[in-house]
Amino acid sequence: MIDEEIEIAGIVEDVSVHIDETGFTVLELSCDDEFITVVGVLPEVAVGEKLTVRGNYDTHPLYGRQLKAKSFVRSLPSSAQDLYKYLSAGTVKGIGPATAQKIVDEFGEDAFDVLENHPEKLSKIKGISRQKANSICEEFAKQFAVRQTLIALEKFGMTARESLNAYKIFGFNATEIIKNNPYVLCSEGIGVNFERADAIASALPEMPEQMYRIRAGILHVLRHNLGNGHTCCPRDKIALPATELLGVEESILQQATDALIKDKQLISEDLDGKEFLFLPHIHRSERSAARRIKVLCSFPPAGKPTLLQDIEDIERELCIIYEQKQKNAIITAVEKGVLILTGGPGTGKTTTINGMISLFKKDRLRIALAAPTGRAAKRMSEITGMEAKTIHRLLEVEWDDEDNQRFTRNERNPIEADVLIVDELSMLDITLFASLLDALPLGCRLIMVGDSDQLPPVGAGNVLHDMIESGMLPVVELKEVFRQAQRSLIVTNAHKIVAGENPDLTRRDSDFFFLPRRVAAQAAETVCDLCANRLPKAYGYSPINDIQVLCPSRRGEMGTYSLNRRLQEAINPPNRRKNEVTVGMFRFREGDKVMHIKNNYDIMWKKPDGEEGSGVFNGDIGIIESIRPDGVAKIVFDDGRMCSYFPDTMRELELAYAVTVHKSQGNEFEAVIMPVLNTPELLSYRNLLYTAVTRAKKLMVIVGSEEQVYRMGRNDKKARRYSALKVFLLEDNR
């Protein structure tokens with residue numbers, strides 16, 4: 001149980017864990033003859049400093065009682081004893097315990113003044129040359145400046161994490177920069193939202209210039225829309241939410257918008273006679289993707305015509321018979337070099353891809369396979385018998401000195417392949433798609449596979465839909481459901497849903513079941529019982545590895561938040577032998593199923609075969625294998641990657657016994673359980689239901705209201721996504 005928030009003050013006696021990149025720290029604070037363990041984001045804290053910490057006590061299963069710091073104020077040591085602790089801890093390069101003792105003995109409480117201002121006095125100590133004295137004082141000045149900058153930023157009301165990020169970007173000038181314009185904190189590298197920047201601005205001695213706030217507010221509205229999937233927005237659609245947010249007249253707003261366009265912080269484009277606004281990096285991605293696609297279509301790879309005899313040879317080799325559209329897809333892939341292959345479950349996409357691969361292998365072409373997620377790549381490997389990589393791994397993601405993501409594979413260093421086949425194209429957002437196209441070598445064939453009836457990507461853009469709608473690329477849509485697949489009610493119901501027909505909820509002898517429940521508490525209890533008991537007993541499924549609960553929403557009794565707590569108690573209840581750690585709203589336990597919820601390219605991983613790399617991505621699912629006494633967790637992901645998570649990094653995890661349908665994209669599960677009851681109207685639509693059903697490989701169970709299932713299937717309204725890829729593809733080359 002977490003106690004109420006308190007404030008304590010004391011001297012830092014020991015720092016046992018400190019992670020420079022995140023500022024996460026575990027330290028011992030001496031407070032009234034008592035030693036208190038403090039954990040939290042405490043950047044650049046050193047032994048000997050005085051801290052005043054606000055936070056809550058919590059009990060760690062192995063470490064016992066700890067104070068979880070929410071905020072803190074620091075001051076440099078003043079007494080000779082604390083000065084010695086500070087200097088002897090190795091904080092200042094060149095000063096060890098012996099030198100620290102000499103400095104404190106010689107200068108006492110004036111030691112900091114000497115280190116900061118009088119290196120010549122330091123050189124009078126035996127064993128310290130003038131050169132070494134200058135070196136020590138330069139290092140001290142650097143360390144002191146970092147601390148003073150962080151102290152000043154924290155006085156603005158910024159959290160320790162925000163202060164650290166601001167210092168990394170703006171350096172020693174951060175204080176003056178933020179005092180002048182606190183809205184610079186809304187930049188991507190710092191990640192302070194507009195409301196927080198507003199609060200920090202209010203805490204300053206003088207309010208910053210109003211135009212800074214107005215410009216930041218407009219960019220905030222664009223970023224918010226980016227989070228909703230839009231790559232751009234009509235200028236007139238921005239005005240209302242921006243004026244409501246900022247409380248200014250529209251004329252002032254328009255002036256600020258014009259200024260942002262002039263400064264290239266916004267890009268303005270006329271699309272079909274209407275002005276649209278873009279954030280620059282998204283505009284570059286859509287322009288770049290359109291340009292590269294045009295090049296691919298204009299300069300197809302050289303290759304011999306595909307004869308029907310070649311396809312007949314493959315049919316004999318693979319013991320199959322292709323229907324005409326499958327043959328058309330194979331021929332187009334070989335002759336045109338660019339193809340979009342779409343189709344629902346059971347329509348033969350897999351056998352078509354394998355046919356293409358057989359032909360490409362006969363021509364001794366280098367083939368690369370890729371998918372957006374680890375699970376999707378693993379499934380692609382299983383169905384083709386070849387290695388498939390995640391797109392990030394294919395492009396060899398890495399970080400530069402400024403902690404910015406970049407791909408090693410690009411236009412100057414393309415991937416080494418003659419053919420690239422990309423699965424689950426509906427999941428790709430525009431920025432990743434543009435990076436993938438940039439890395440294609442000239443003459444490389446590109447086969448893009450997806451299901452156009454599924455949900456659009458979580459990220460910004462409408463890549464698959466825009467390319468199909470443009471008519472610029474060859475598209476083959478497979479519609480015929482093969483006889484073997486027709487035996488599956490999952491497949492037939494999926495196609496009924498797409499066609500706007502009611503799925504069959506009456507049968508009890510197939511792989512698709514409906515369990516009616518009218519009360520939310522009863523439905524939740526049924527979902528937990530199915531996952532923890534009934535399906536494991538009836539089918540031998542593992543509740544962790546085989547069964548996935550998919551929810552339309554995160555909130556409510558049928559949402560992921562509530563169901564994850566219930567499912568954790570049912571599947572992985574508390575146990576004295578299992579370590580736990582509480583991070584944010586989640587209490588994680590050894591054995592828990594978790595999902596990473598944002599891209600983090602810096603997390604190192606290792607596979608059992610010795611392969612090493614970095615990067616864990618939004619939607620990756622894994623199991624907590626162990627939690628150390630210091631809160632560091634070892635997590636094993638579905639594709640075998642093993643990662644260490646520090647408590648601060650674990651903020652990027654959620655329990656994953658239940659996940660939203662949106663987060664499940666690109667994944668397949670042996671069994672899917674979906675609650676459909678009290679579903680919010682905005683989430684009651686056809687392609688969400690269809691996407692959930694097509695995530696199930698062998699068993700689909702819907703729990704809830706028959707009427708709501710039918711209503712979802714009938715609702716073909718799709719939330720409009722503003723994007724420009726189609727327009728850029730169709731306009732004249734620029």
Side-chain angles (χ1 to χ4, degrees), residues 1-60 63-79 82 85-86 146-168 174-175 178-179 182 185 190-193 195-205 580-587 630-631 646-651:
M1 180 177 176
I2 299 177
D3 296 334
E4 64 181 26
E5 192 171 296
I6 63 161
E7 181 176 284
I8 63 168
I11 303 298
V12 179
E13 291 290 332
D14 181 50
V15 177
S16 57
V17 176
H18 181 74
I19 304 167
D20 289 337
E21 292 80 6
T22 64
F24 177 78
T25 304
V26 179
L27 59 81
E28 293 295 318
L29 198 68
S30 174
C31 178
D32 296 330
D33 298 324
E34 179 185 5
F35 287 94
I36 297 170
T37 301
V38 179
V39 299
V41 179
L42 306 160
E44 301 293 332
V45 168
V47 171
E49 286 189 282
K50 181 180 178 181
L51 297 186
T52 302
V53 183
R54 289 192 66 84
N56 308 87
Y57 277 113
D58 192 16
T59 302
H60 190 280
Y63 267 161
R65 209 170 190 220
Q66 301 175 329
L67 184 73
K68 293 198 160 189
K70 290 186 176 179
S71 64
F72 74 103
V73 176
R74 78 178 93 208
S75 55
L76 290 170
S78 55
S79 72
D82 293 336
K85 289 178 184 175
Y86 179 85
V146 171
R147 282 177 172 73
Q148 290 300 97
T149 301
L150 293 174
I151 289 170
L153 294 178
E154 287 154 12
K155 287 178 180 176
F156 291 163
M158 294 170 62
T159 67
R161 190 191 309 273
E162 291 164 353
S163 300
L164 180 62
N165 289 341
Y167 171 75
K168 284 180 179 178
T175 307
I178 293 166
K179 190 185 293 184
L185 296 170
I190 302 174
V192 172
N193 63 35
E195 290 78 9
R196 283 280 301 121
D198 244 359
I200 290 166
S202 300
L204 295 175
E580 299 179 349
V581 61
T582 300
V583 181
M585 63 182 292
F586 295 103
R587 182 177 289 275
D630 58 1
F646 293 92
D648 191 53
T649 322
M650 290 184 75
R651 294 178 183 278

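Numbers here are sequence positions counted from 1.
With Leu67 as the partner, the side-chain contact (heavy atoms from CB on, under 4.5 Å) test is satisfied by one option alone out of Asn56, Val53, Val39: Val53.
For Thr25, the side-chain hydrogen bond (donor to acceptor under 3.5 Å, both in side chains) partners at least two apart in sequence or on another chain are His18. In this structure, Glu195 has no salt bridge (Lys or Arg N to Asp or Glu O under 4.0 Å) partners at least two apart in sequence or on a different chain. Judged as a ring pair (Phe, Tyr, Trp, His ring centres under 6.0 Å), and not counting sequence neighbours, the contacts of Phe586 are Phe588. For Arg196, the side chain to side chain contact (heavy atoms under 4.5 Å, CB included) partners two or more places apart in sequence, or in a different chain, are Thr159, Glu162, Val192, Asn193, Ala199, Ile200.
Contact detail for Ala166 and Ala174: the closest heavy-atom pair is O-CB, 4.2 Å. Closest approach of Pro182 to Ala201, counting heavy atoms only: CG-CB, 3.5 Å.
Remark: Thr582 OG1 to Met650 CE distance equals 9.5 Å, nearest 0.5 Å. Atom OG1 of Thr52 sits about 9.0 Å away from atom CG of Leu29, to the nearest 0.5 Å. Residue Cys31 holds its SG atom at 10.0 Å from NZ of Lys50, rounded to the nearest 0.5 Å.
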* Evaluation steps, side-chain contact (heavy atoms from CB on, under 4.5 Å), between Asp14 and Leu27 -> CA-CA 6 Å; Asp14 181 50; Leu27 59 81; over 6 Å; no
* Given Thr37 and Glu28, is the side-chain contact (heavy atoms from CB on, under 4.5 Å) satisfied, shown in steps? -> CA-CA 5 Å; Thr37 301; Glu28 293 295 318; 2.8 Å; yes
